[in-house]
Structures are given as C-alpha cells and as structure tokens.
Amino acid sequence: MSKGMRKGLTSYGDPGFSLFLRRAFIKAMGFSDDALERPIIGITDTFSDYNPCHGNVPQLIEAVKRGVMLAGGLPMAFPTISIHESFSNPTSMFLRNLMAMDTEEMIRAQPMDAVVLISGCDKTVPAQLMAAASADVPTILLITGPMLVGHHKGEELGACTDCRRLWAMHRAGQMDEAEIDVVSGRLAPTNGTCMVMGTASTMACISEALGIALPGTGSIPATHADRLRAAEASGARAVAMAKSGGPKPTEILTKKAFDNALTVLQAIGGSTNGLVHLSALAGRLGIEIDFDAFDQLGRTVPTLIDLKPSGAHYMEHFHWAGGMPKLLKELGDLIDGTALTVTGEPLSAAIEKAEEVPNQTIIRSRANPLQASGAMAVLHGNLAPRGAIIKQSAASPTLMQHEGRAVVFDSVEDMTNRMDDPDLDVTADDVLVLRNAGPVGAPGMPEAGYLPIPRKLAQQGVKDMVRISDARMSGTAFGTIVLHIAPEAAIGGPLGLVRNGDRIRLDVANRSINLLVDDAELVERRKTYQPPPPHEGSERGYLSLYLKTVNQADEGCDFDFMRKVPEKN
Ligand code: FES
C-alpha cells in the first residue's frame with residue numbers, strides 16, 4: 001500500500017521529472033536507492049529550547065527512527081512549531097490552531113505513508129490530533145510523558161497545582177521571597193509534561209482512550225527507559241500501518257471513540273480544557289459533542305483517579321498503578337471496547353492485558369471511587385445561553401450552591417490592576433466576574449479563569465470563592481470556578497451586561513448559572529452596551545485570521561473554516 005517517495009509529487013507538469021528531481025535532492029543526504037524504496041514514516045519534531053515539556057523529543061525521535069528501521073521503513077523527521085504554556089504570548093491557545101494548520105499541511109505536503117506525532121505539552125497534543133484528523137494519513141501519537149515528582153521540605157510537589165498553591169501562600173505572606181525562589185527550582189525537576197492531572201496528562205489519557213496512541217504509553221514518565229521503548233514500538237507499528245494503509249485517523253476517531261474519551265475525561269478528574277480540545281477534534285470529523293450527554297456522564301461516571309488537583313498523587317503513580325488499561329478495565333461497561341485502536345485491535349484487547357498491581361490505591365474501583373460523580377458539570381442559564389463548565393471534582397462542596405454579589409473585572413488587565421487593591425469592595429461571599437477573556441476577547445481565551453483570591457481576603461485565610469468568566473483555567477488549578485461561558489462577552493454575550501452589585505446564583509445541583517436581574521432591565525442595558533475596542537494589530541496577519549474565524553468554546557475554539565463540512569444527503 002505504501003507509495004513512499006512517489007506520494008504527493010511536486011507539480012512540474014511531468015511526474016517522471018518530479019520523482020527524478022525529488023530523488024536527486026534527497027540523495028544529497030546520502031540515502032541509498034534501497035532506503036528510498038521503503039515505506040516512509042514521517043516523525044514530527046516539536047523540540048524547542050522554549051519547550052521543556054518536549055525536552056526529550058530528540059531522544060524520542062532517535063528511538064522512533066530505530067523502530068522504523070528495524071521494521072523496514074525509512075524514518076523522516078520534520079519540524080513543526082512547538083508551543084509551551086509559559087512561553088506563548090498572549091496564550092498558547094491562540095497558537096493551537098496555527099500548530100494544527102502547520103502540522104496538517106506538512107503531513108499533506110511531504111511524502112509519508114504514515115506519521116508518528118510526538119507531543120505532550122497542553123496545546124500540542126490537540127493541535128496534532130486535529131491535524132491528523134484532517135490529513136487522514138495513518139497516524140500514531142507518541143506522548144513525551146510526564147515529568148517526575150518534585151520535593152521540598154519533605155513534601156511532594158507537582159507542577160502546576162502546587163505552583164498555584166505555593167504562590168497563593170507567597171501572596172498571602174506565608175512564604176517569603178527566598179523560599180519561593182528555592183521552590184521555583186523544585187516544582188519541575190525533570191523534562192516532560194506537568195505531572196498532575198492537568199491538561200497535558202488529560203490529553204495523554206484521552207489519546208489512549210481514543211485509540212490513537214499505543215495502549216499503556218500515555219503515562220510513562222518522560223525520563224524512563226520505557227518511554228524510549230514506547231517510541232521504538234510506535235515507530236515499528238507505524239511501518240505496519242504504512243504497509244497496510246491503515247487504520248487511518250478517520251477509522252479510529254469515531255463517535256464511540258469520542259464517547260470513550262468523554263467518559264475517561266470525567267473519570268480521571270480531567271482538565272476542563274480537555275472538553276474544548278475534544279470539541280475541536282470532533283468538529284474536524286463532523287462529529288457533534290453532545291454537552292447534555294456529557295453532563296449526564298458527569299452524574300453517572302465516578303471519579304476513579306486519585307491524582308491532583310482532584311486527589312493527592314501524580315502521573316508516575318498512576319502509571320505504576322496500571323495506567324490507562326487498568327482505568328479502562330475499572331470503567332467496565334461504561335467503555336465501548338469494540339472501538340478500534342492504532343494497534344489494529346479493539347480497545348478491549350488492551351483492557352484484557354491490564355496489569356493488576358496489588359494494593360495500589362491510585363486507580364479506584366467503581367465500588368470505591370474517589371468521588372461519586374465525574375469531574376465536570378455543564379451549566380446553563382441567562383448568563384450562559386450556550387453553556388459553561390465547572391470542574392466540580394476540584395471545587396469546594398460548600399460553594400456549589402451559592403448566591404453572591406458580583407464584583408466585576410472588565411478584562412484580564414483590569415483584574416490584574418485592581419484585584420489586590422486594598423480598597424477593592426469585596427468579601428468572601430461575593431462572586432468574582434471576569435469578562436472579555438474569551439476566544440475573541442483576550443484574544444486566545446487565556447487561563448485567567450482561575451482568578452486569584454484578592455490579597456486582603458487571602459491574608460484573612462480565604463482559600464476559595466465563586467469565580468466566573470468566559471476564560472479557561474489550567475487543568476492543574478483548584479477552586480469553585482465557572483469557565484467557558486458562551487457566548488463570550490466580547491461578541492455580545494450576556495456576561496457583558498453584569499454590573500457590580502448584581503446578584504449571581506450558582507446552583508451546580510441544578511446545573512444553572514444565573515444573573516438575578518430581570519429581562520427588561522437586561523434589554524435596557526444592552527441598548528447602551530459598548531463592546532471592547534479592537535485589539536491592537538488586529539487588521540493584519542494571523543491575529544486578523546484568528547479573530548475573524550475563531551469559534552466559541554462550545555465548538556472547541558477551532559477556526560470555522562477548519563471544521564468538517566457536513567455531508568449533503
Ligand atoms: Fe507543558 Fe504543563 S507546561 S505540560
């Protein structure tokens with residue numbers, strides 16, 4: 001089935017010449033005719049000096065290449081952009097779609113019979129999967145893997161749940177400058193991705209549930225020899241996929257694969273970002289994510305994984321407790337084991353091989369869950385006509401039904417400037433509101449939804465408040481935080497009409513978030529509503545494209561023209 005160098009010839013009007021020229025140029029790299037007749041396996045190189053989460057990519061590429069060559073293929077690594085959370089301005093989310101387009105077009109443009117995608121940091125996995133879904137070349141995903149746990153004064157530390165907790169202690173005056181400096185060198189002790197159940201770990205688990213990565217490989221620590229063996233195995237499997245022509249992403253990423261992924265998202269106490277990325281990925285394939293069904297899963301699927309921020313442990317513990325095959329086994333009939341995986345076998349084959357680890361407590365049984373309900377609930381109400389999300393597994397039970405006075409911040413900048421003002425009129429019972437922080441408003445829907453507790457309240461010992469926004473939050477964060485309010489304020493969503501002092505009611509049991517202001521008053525407010533001014537530089541370049549075409553959170557914040565056009569009957 002493989003076409004190797006003959007695939008996708010450059011257009012010169014003479015295919016024979018195109019192939020001749022291609023071979024002439026590639027021979028400059030010293031390849032033999034024998035090598036050039038082999039199935040070609042593309043390998044994405046997402047290494048960057050800016051991306052410690054991908055710090056092991058050079059070694060992984062070498063191991064994938066070894067696997068490819070042992071199986072008789074020709075590995076060809078090629079670069080794409082790399083996105084790290086802390087090094088992306090304004091946000092990594094702003095760039096996710098750019099990486100997806102870059103990756104898709106490089107897969108399309110260059111000759112390859114199969115591709116091994118290597119990624120791990122939050123936006124890179126969804127970007128590559130979106131690309132693979134659209135390009136539809138046989139694909140296998142290799143996760144870079146979580147970093148090892150950090151230690152400080154006898155305590156285990158995890159990026160970045162503890163980054164936030166310890167920074168909050170520093171803000172509250174409970175940790176001095178010298179100690180927070182020491183901590184900054186201990187939170188991320190190795191390369192690899194954040195080792196709590198943040199977005200990177202969520203996407204790694206979801207990728208296994210989708211069947212697009214080899215079973216059991218998502219949670220292997222970045223620094224372990226098994227990670228390199230997984231890379232070698234991924235390369236070898238890619239050659240088999242190249243030879244047989246599949247399975248392709250469209251054969252793997254089916255409705256039942258998404259149903260499995262959504263179930264896993266609930267069961268792992270996963271990141272809210274996982275839902276955004278799954279929505280974007282599903283949109284590439286013409287599959288609708290049913291948010292009501294997802295909410296229903298949240299009521300029936302228990303949280304089974306004892307990892308921060310919902311629990312106490314870290315990805316390496318999850319891995320040694322049996323990882324995803326064991327979790328899928330515990331989920332039992334909640335998982336559709338007939339879904340196809342990159343192995344060519346159904347998911348049930350991986351579940352049957354799940355390792356039983358005596359006395360492990362990280363992966364719970366359904367009879368003894370960490371929490372009886374799943375990670376997330378979907379909210380609706382007059383503040384969120386197209387929905388909003390709360391990660392209930394990481395929220396304070398005492399705030400799940402709460403009514404309070406709105407304290408409104410008009411932008412991330414406004415929040416930054418005023419949150420710690422000693423004169424800010426705020427109490428612990430208030431509801432902090434951040435708006436104009438959505439896909440268009442910020443732009444890039446930053447992880448600003450984890451509004452900090454105002455310093456004067458933090459110093460009084462307040463650890464959580466109800467906070468609502470059209471932003472996202474890091475999957476590593478903890479708190480009673482309503483996110484992804486859609487439509488966002490910047491495109492006219494009702495969040496823009498909230499005023500200081502309005503009453504807001506959060507009722508998670510009834511899945512509602514409402515502004516307690518009557519409709520007639522809201523109609524009056526809309527008449528005088530002023531949208532935020534245009535972003536600087538928005539008339540050109542990628543920002544212009546982004547602002548004109550980005551979808552809302554409920555559609556995954558993909559570009560509208562990248563979604564699959566529904567087929568006509
Ligand atoms: Fe890359 Fe957390 S910053 S995974």
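Just so you know, these numbers use all the heavy atoms, side chains as well, and skip hydrogens, waters and symmetry mates.
Between Leu370 and Ile305, the closest side-chain pair of non-hydrogen atoms is not below 4.5 Å. Counting heavy atoms from C-beta outward, Pro346 and Leu340 have side chains that stay 4.5 Å or more apart. Residues Lys391 and Phe478 fail the side-chain proximity criterion, which asks for heavy atoms closer than 4.5 Å. Residues Val149 and Glu316 are in side-chain contact: their nearest non-hydrogen atoms beyond the backbone lie under 4.5 Å apart. Side-chain contact between Ile390 and Ile481 is absent, with no heavy atoms from C-beta onward closer than 4.5 Å. Side-chain contact between Val301 and Val264 is absent, with no heavy atoms from C-beta onward closer than 4.5 Å. Side-chain atoms of Leu432 and Ile468, non-hydrogen and from C-beta on, never get closer than 4.5 Å to each other. In this structure the side chain of Val466 reaches within 4.5 angstrom of the side chain of Leu399, judged on heavy atoms.
Legend: residues meeting side-chain contact (heavy atoms from CB on, under 4.5 Å) with Glu232, ordered by chain and number and at least two apart, are Arg66, Leu70. A search for salt bridge (charged side-chain N to carboxylate O under 4.0 Å, His left out) contacts involving Arg364 returns Asp306, not counting sequence neighbours.
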Using the rule given for salt bridge (Lys or Arg N to Asp or Glu O under 4.0 Å), can you reason through Asp226 versus Arg229, listing the C-alpha separation, both sets of side-chain angles and the distance that settles it, and then say yes or no? CA-CA 5 Å; Asp226 277 347; Arg229 279 187 278 274; 3.0 Å; yes

Walk me through whether Lys255 and Glu288 qualify under salt bridge (Lys or Arg N to Asp or Glu O under 4.0 Å). CA-CA 9 Å; Lys255 173 81 169 61; Glu288 286 291 324; over 6 Å; no

Side chain to side chain contact (heavy atoms under 4.5 Å, CB included) assessment of His484 paired with Asp470: CA-CA 5 Å; His484 309 179; Asp470 45 16; over 6 Å; no

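A salt bridge is absent between Lys329 and Glu352; no separation between the charged side-chain nitrogens and carboxylate oxygens falls under 4.0 Å. Ion pairing between Asp162 and Lys308 holds under the 4.0 Å rule for side-chain N and carboxylate O. Salt bridge present: Lys353 and Glu345 bring a charged side-chain N and a carboxylate O closer than 4.0 Å.
Counting only N and O atoms by type, the side chains of Thr144 and His54 include no donor and acceptor under 3.5 Å apart. A donor-acceptor contact closer than 3.5 angstrom is absent between the side chains of Thr80 and Asp102. No hydrogens or angles considered: a donor-acceptor pair under 3.5 Å links the side chains of Ser119 and Gln128. When only modelled atom types and interatomic distance are considered, Ser512 and Asn510 share no side-chain donor-acceptor pair under 3.5 Å.
Here the NE2 atom belonging to His277 is positioned 5.0 Å from the CG atom belonging to Asn273, to the nearest 0.5 angstrom.
Residue pairs meeting the ring-ring contact (aromatic ring centres under 6.0 Å, His included) criterion with at least one member in residues 112-165: none, sequence neighbours excluded.
Using cut-offs of 30° and 60° on the angle between ring planes, the pair His170 and Trp167 is tilted.
Nearest heavy-atom pair across Ser393 and Gln371 is O-NE2, 3.0 Å.
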